[in-house]
Amino acid sequence: MSDPRSPFPVPAPWDDGSSGAPRGGPADGPGRTPAPWPMPEHAQPPAPRPPQPSWPELPDAGPAVSGRERHRDLDEEAPGEVTAWGYPVYQEPRPSGPLDVGDLPGRQQERPFSYWESSPASEPAPAPVPAPAAPVPAPAPAPTHRSAAREAEPSFWGQAREPERSSWGSAWGRFPEEDQRPEEAPEPPPVKKKREPYLDNVKFVLIALVVAGHSLVPTLDAHSAKSAYLFIYTFHMPAFVLISGYLGRNFWNSNAKINKLVDTMLVPYVIVEIGYALLRYGLGQKWTLTIIDPAWLNWYLLALVLWRISSPIWTRMRQPLLVAVIIYMMAGFSEIAGDFSLDRFFGLLPFYVLGMMLKPEHFDLLRPLWVRITAGVVMAGAAAVAIFIAPHVNLKPVYFRYSFKKMDMDWWIGLGVRGALLAAALILAFALLALVPRRETWFSDLGTRTLYAYLLHGVVVLIAKDQGWLNFSWLHGPLGVLAIMSSSVALAIVLCLPETRKAFKWLLEPRLVWLYRRPSTPPDNKDTPDSAKESAPAPR
């Protein structure tokens, strides 16, 4: 039999070669003394190295053990000890900072192959070690432009990564495809929205009726003239006020419109009042000037100012039209003076409030052919009724300003007349809106300058009355009514021309820019101090 003993003395599994060392202790435990190794005589021990930092354990490395435990049959040194063969090889963990080409996720350095691991049979079976927990994948590194190889490396899905761009270009400079991109053409200036001609057409028709109504006053003793006057005054000012309410529904949302409250209403009102006083005095009448009591047609400017100022009140109400109608009906019980046009303010209030409530789609309801045919029939019927009742009615109710007492009516009759007149005015106003063409017409541009026709036509009418131009006998008949109305339309056309506006703009539409403050603008972020920026709460 051969001798089974090994020709070389092998230390016991738990013997580290030192005398008096305890057996059965943990490997590389405290109090352990490494076994001395024979070294060549010419080798000198190197200088002691500084303590090495402790390296973190890899996720799949398991419990940390030394080389002596793995190879109990070999007297291998602990990590960090120097042998005759050089420094021992150890596995360097992956750093947590940005990775280089070799430090990609999933690429772990393999432990070098050791010859001494080729014979594990001589080792006793190690104790079972519990399976380590599943490693938590490391977060993906932040994209950097470290190298071209990094950019061309396949991604998780197997496709090459797209080169990452930044405000500084690529790692090697600008991307060539960026130089080949065509320069973006500058955005064209915004196209100015075309003005809708429909409302301009309506305004010119209404201002022509205003001039015609004022011109018919000297001939009201004729039946035909009174019939035409009654027909016009039933709806022309209610329709005018309704359109004013529609155009002023967003009045307080614009600083320019608020400025016009003074530029095109209050200032022209004062100028026209003084002008009419001078004109009457020049025609031989007594000098009278009362700014608070508007003269003749000047009442509309002052009433419009009051309606515009009251606009926020009506927009806040749930039922503004119902409240306005109640105020209109109850105003007949009170003796309201004409100062500041308060009598007209309450008398035409429902039409302004209704205009504020209208929207563009409401006007579209008047487009169908059957609606326009019905509107034509209604207007013809109203004209026939006016011809029939003109000799028997008083004209005071159509002015929308007098109380029941001044009209010599009992209160229940006055309420009925006031309600019937309100309904008739609304029906005829919407009939007119349905008949006015919506397309561009020859008088669409004239409708943009109706303010000049309204304020200046009174001068011509006053002179015509004083000089007796409207007292000819042939004018007191149907042909005379047609002649007066035709002349009124011609006068309205002349006063709405661009030349008329150019001649009187400095007087009726003065630019009072110096009178107003500029609207405050929010401060720019660039002007905000750094301390204020730091103290601002971060968005959540």
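What you are looking at is a predicted structure, and each value in this text was computed from that prediction instead of being measured. Computation of the quantities below employed the complete heavy-atom set of this structure, encompassing side-chain atoms and omitting hydrogens, waters and symmetry-equivalent molecules.
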Can you tell me how far the [atom1] atom of [X] sits from the [atom2] atom of [Y], to the nearest 0.5 Å?
X: F340; Y: I291; atom1: CZ; atom2: CD1; value: 10.0 Å
X: R308; Y: L247; atom1: CZ; atom2: CG; value: 7.5 Å
X: L365; Y: L433; atom1: CG; atom2: CG; value: 12.0 Å
X: T219; Y: D221; atom1: OG1; atom2: CG; value: 7.0 Å
X: Y198; Y: D364; atom1: OH; atom2: CG; value: 9.5 Å
X: I484; Y: L475; atom1: CD1; atom2: CG; value: 5.0 Å

Crowding at [atom1], [X] (>12 non-hydrogen neighbours, <6.0 Å):
X: W287; atom1: CH2; value: yes
X: W370; atom1: CH2; value: no
X: Q319; atom1: CD; value: no

Using side-chain heavy atoms (C-beta onward) and a distance below 4.5 Å, is [X] in contact with [Y]?
X: F443; Y: P437; result: yes
X: L242; Y: L358; result: yes
X: L279; Y: V459; result: yes
X: F204; Y: T441; result: no
X: H214; Y: L297; result: yes
X: K465; Y: V217; result: yes
X: R438; Y: N201; result: no
X: Y399; Y: M407; result: no

Which class fits the ring pair [X] and [Y]: parallel under 30°, tilted 30 to 60°, perpendicular over 60°?
X: Y233; Y: Y229; result: parallel
X: W307; Y: Y300; result: perpendicular
X: F333; Y: W411; result: tilted

Looking at every heavy atom in both [X] and [Y], which two are closest together, and how far apart are they?
X: V371; Y: A434; value: CG1-CB, 4.3 Å
X: L348; Y: P238; value: CD2-CG, 4.2 Å
X: P218; Y: H476; value: O-CE1, 3.8 Å
X: P350; Y: Y328; value: CG-CB, 3.5 Å
X: T448; Y: D445; value: OG1-O, 2.6 Å
X: L220; Y: K226; value: O-CB, 3.7 Å

Exercise. Are side-chain N/O atoms of S224 and S227 paired as donor and acceptor at under 3.5 Å?
Worked result: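 Absent: no donor and acceptor within the cut-off.
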Exercise. Do the side-chain N and O atoms of Y352 and S311 include a donor-acceptor pair separated by under 3.5 angstrom?
Worked result: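 The criterion, which ignores hydrogens and geometry beyond distance, is satisfied for S311 and Y352.
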For this session: Output, in order, the C-alpha distance, side-chain angles, deciding distance and verdict of side chain to side chain contact (heavy atoms under 4.5 Å, CB included) for I207 and H457.
Result: CA-CA 10 Å; I207 198 63; H457 82 275; 5.6 Å; no
Do side-chain atoms of [X] reach the backbone of [Y] as a donor and acceptor pair under 3.5 angstrom?
X: R439; Y: P197; value: no
X: D410; Y: W412; value: no
X: T500; Y: C496; value: no
X: E335; Y: S403; value: no
X: N298; Y: Y269; value: yes
X: T290; Y: D293; value: yes
X: H236; Y: F231; value: no
X: H362; Y: K359; value: yes

Exercise. L209 and F235: side chain to side chain contact (heavy atoms under 4.5 Å, CB included), yes or no, with the steps?
Worked result: CA-CA 10 Å; L209 292 176; F235 68 91; 4.0 Å; yes
Exercise. Can you list the steps and then say if M237 with V210 is a side chain to side chain contact (heavy atoms under 4.5 Å, CB included)?
Worked result: CA-CA 8 Å; M237 285 313 298; V210 170; 4.1 Å; yes
Exercise. Can the ring centroids of F504 and Y452 be said to lie less than 6.0 angstrom from one another?
Worked result: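 That pair fails the under 6.0 Å test.
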For this session: Go through the steps for I413 and F404 under the test side chain to side chain contact (heavy atoms under 4.5 Å, CB included), then give the verdict.
Result: CA-CA 9 Å; I413 298 177; F404 302 148; over 6 Å; no
For this session: May I ask you to check if R249 and Y246 form a cation-pi contact, with NZ or CZ under 6.0 angstrom from the six-membered ring centre and within 45° of the axis?
Result: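 Yes, R249 and Y246 form such a contact.
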